[in-house]
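Quick notes on the structure that follows.
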Number of protein chains: 2
Amino acid sequence: MAISNSNNRFSSKLTSQCQNCSLSALCLPIALADEDVNRLDQIIERKRPLKKGEILFHQGEEFDSVFAVRTGTLKTYNITNSGEEQITGFYCPSELVGLSGIDENHYPVSAKALETTTVCEIPFAHLEQLSSQIPSLKHQLFRLMSRKICDDQQMMVLLGKKNADEKVASFLLNLSHRFKKRGYSATAFRLSMSRGEIGNYLGLAVETVSRVMTRFQKNGLIDVDGKEISIINLPEMEKLVGSAGECATIEHV
Amino acid sequence: MAISNSNNRFSSKLTSQCQNCSLSALCLPIALADEDVNRLDQIIERKRPLKKGEILFHQGEEFDSVFAVRTGTLKTYNITNSGEEQITGFYCPSELVGLSGIDENHYPVSAKALETTTVCEIPFAHLEQLSSQIPSLKHQLFRLMSRKICDDQQMMVLLGKKNADEKVASFLLNLSHRFKKRGYSATAFRLSMSRGEIGNYLGLAVETVSRVMTRFQKNGLIDVDGKEISIINLPEMEKLVGSAGECATIEHV
DNA sequence: CGATTGCTTGAGTGTCATCAACTAGAGTGG
DNA sequence: CCACTCTAGTTGATGACACTCAAGCAATCG
């Protein structure tokens, strides 16, 4: 099964390719024929890992690639006129970052690594071109963008209608789902973002996030140890969330 | 300049086509060659007008088309588990509704007419197919979806970080921009949605929307007469909004 | 015409932000 | 090794903003 790497046009020793990437079932290659995965592979660049705090792209920078997270976590954020950071999303392995840059041809947000993170860079012009030749790839792209729209709208509901408890519970369960989909534990995981970043993302003060989590722990819903989270009472958490995750519940393949 | 309608495959007397549609510069046909616009035209169905309150598609229904608003206004919303309506967006002429249905192949929201509204139905399978043959159409589709993502993220910022005044001001200015883009007055327009719908959308109580607007009027920022709105002091309004509309400010062509 | 709906205004309350103090851990440098 | 500093997180006290409840008004509708 050894894949010939001889004509790999990238200098690096990072030999990973879509074919042997454990995330291919979740990422772009989904539903692609082997030969098509190969063609996709050709245009993807594996970059050196980003260290914690390093920036993948800056708000305002010219858009030319989308990025698939392979390991680690990213956050996207923009700096408001008043100078404060507003986090718009967290990105786990297999997830695609940068799609919002297509429209204006500039990234409207910055992307920063929350921990050591590796990404696959996918030059969008190439991807778009390739998508003309591979209908299933085009369809996959449309689906991914559509899902992003769907997810963001769920987030809007969360921000507009939910109280602090519901927000935090939704956030934790959302992470839980995403870890589960990737084959990790749905009930025990490590938060790669700080309380401050969670609060920023959820529209809550740091103190509120802290208080809610402490209370959840007191009530036996979760177990918190710094950044390590265990969900003890999943059903109760789901009850708390209530309406959340309309999109997410119709779990896709 | 009469366009031959003889081979129009749609029974209706609604003869409008992309070529003579005043919105073509904003809608899908943007940047398409004449012949390509023609091909696009072929797959588009003009539907009979929706009356106020009529539903264009239901949450959960199978997805098969996106819709371009030609006249009137739509809202999209979903019904949460607790049974309450949550509005996720308002759609003005030239704007595309239904993109969020691509992913799961079901509409995750319902779309309802806020007033008498006409739409162009664009069967997505056809559109996707056509987009393979017309690269600029594909690109336009990507851009539209990307813009939607961008806009939704601005909305997330609004919901998460802004107070009632800023929310209402952002909302009014957002409408103002959209009217202006279509060639209407940026400072005087009619709200097609109720106070209740505005509040629902912005994550505010009806009473709060009412109070804020009244106060804006007292302070000479706007003039309110029922659903008629005039923006008196645009600069002051923009100051209020502050950071809003990062995406929107880099006005696209 | 009463009934209903949409909007406005007032009074009271609760949730969450703000301010502040404190702890714990990590990194720094003598 | 031990202050020292800095940052992240927690906890408590206080208060503001927006929600809820309630009443009243205007317009529309059957």
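All heavy atoms count here, side chains included; hydrogens, waters and symmetry mates do not. Because the structure is a prediction, the values reported are computed rather than measured. Chain letters run A, B, ... following the sequence lines, proteins first, then strands; residues in each count from 1.
Residue A:Leu202 contributes atom CG, which lies 19 Å from atom P of C:dT15 at whole-angstrom precision. Counting to the nearest Å, the C1' atom of D:dA16 and the CG atom of B:Asp165 are 13 Å from each other. For A:Asn200 and C:dT18, the CG to P distance is 12 Å, given to the nearest whole Å. Distance, B:Glu84 CD to D:dT20 C1': 14 Å, rounded to whole Å. As rounded to whole Å, 11 Å separates atom C1' of C:dT15 from atom NZ of A:Lys167. A straight line from CG of A:Asp225 to P of D:dA8 spans 18 Å, rounded to a whole angstrom. The interatomic distance linking A:Leu159 (CG) with C:dA17 (P) rounds to 12 Å, in whole Å. If you take CD of A:Gln217 and C1' of D:dT11, they are 14 Å apart, rounded to a whole angstrom.
Contact of the B:Thr214 side chain with the B:Val224 side chain is not registered, since no non-hydrogen atoms from C-beta on lie closer than 4.5 Å.
Taking 4.0 Å as the cut-off between side-chain N and carboxylate O, A:Asp152 and A:Lys148 count as a salt-bridged pair. Of the charged side-chain nitrogens involved, at least one lies within less than 4.0 Å of a carboxylate oxygen, so that A:Arg178 and A:Glu95 count as a salt-bridged pair.
When all heavy atoms are compared, the tightest approach of A:Pro49 to A:Thr116 is CB-CG2, 4.2 Å.
Note on the helix from C:dC1-D:dG30 to C:dG30-D:dC1: angle between the axes of the first and last five pairs equals 30°, rounded to 10 degrees.
Legend: residues meeting side chain to side chain contact (heavy atoms under 4.5 Å, CB included) with B:Thr73, ordered by chain and number and at least two apart, are B:Leu114, B:Glu115, B:Ser192. Residues satisfying the side chain to side chain contact (heavy atoms under 4.5 Å, CB included) test with B:Ser65, not counting sequence neighbours, are B:Phe67, B:Tyr107, B:Glu121, B:Pro123. Not counting sequence neighbours, A:Thr117 has no partner by the side-chain hydrogen bond (donor to acceptor under 3.5 Å, both in side chains) test.
Atom CZ of B:Phe171 and atom CG of B:Leu191 lie 6.5 Å apart (nearest 0.5 Å).
Note on B:Gly199: nothing from the nucleic acid sits closer than 4.0 angstrom, heavy atoms only. Using a 4.0 Å heavy-atom criterion, one finds that A:Ala205 contacts the bases of the nucleic acid, with or without backbone contacts as well.
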Between the protein and nucleotides 6-11 of chain C, which nitrogen or oxygen pairs are less than 3.5 angstrom apart?
residue : atom : partner  : partner atom : Å
C:dC7   : OP1  : B:Lys227 : NZ           : 3.4
C:dC7   : OP2  : B:Arg195 : N            : 3.0
C:dT8   : OP1  : B:Arg195 : NH2          : 3.2
C:dT8   : OP2  : B:Arg195 : NE           : 3.0
C:dT8   : OP2  : B:Ser210 : OG           : 2.8
C:dT8   : O5'  : B:Ser210 : OG           : 2.9
C:dT9   : OP2  : B:Thr214 : OG1          : 2.7
C:dG10  : N7   : B:Arg211 : NH1          : 2.8
C:dG10  : O6   : B:Arg211 : NH2          : 3.3

List the atom pairs, with distances to 0.1 Å, where a side-chain N or O of residues 194-202 of chain A and a protein N or O form a donor-acceptor pair under 3.5 Å, not counting sequence neighbours.
residue  : atom : partner  : partner atom : Å
A:Ser194 : OG   : A:Gly196 : N            : 3.3
A:Ser194 : OG   : A:Glu197 : N            : 3.1
A:Arg195 : NH1  : A:Gly226 : O            : 3.3
A:Arg195 : NH2  : A:Gly226 : O            : 2.7
A:Glu197 : OE1  : A:Ser194 : N            : 2.9
A:Glu197 : OE2  : A:Lys75  : NZ           : 2.8
A:Asn200 : OD1  : A:Ile87  : N            : 2.8
A:Asn200 : ND2  : A:Glu85  : O            : 2.7

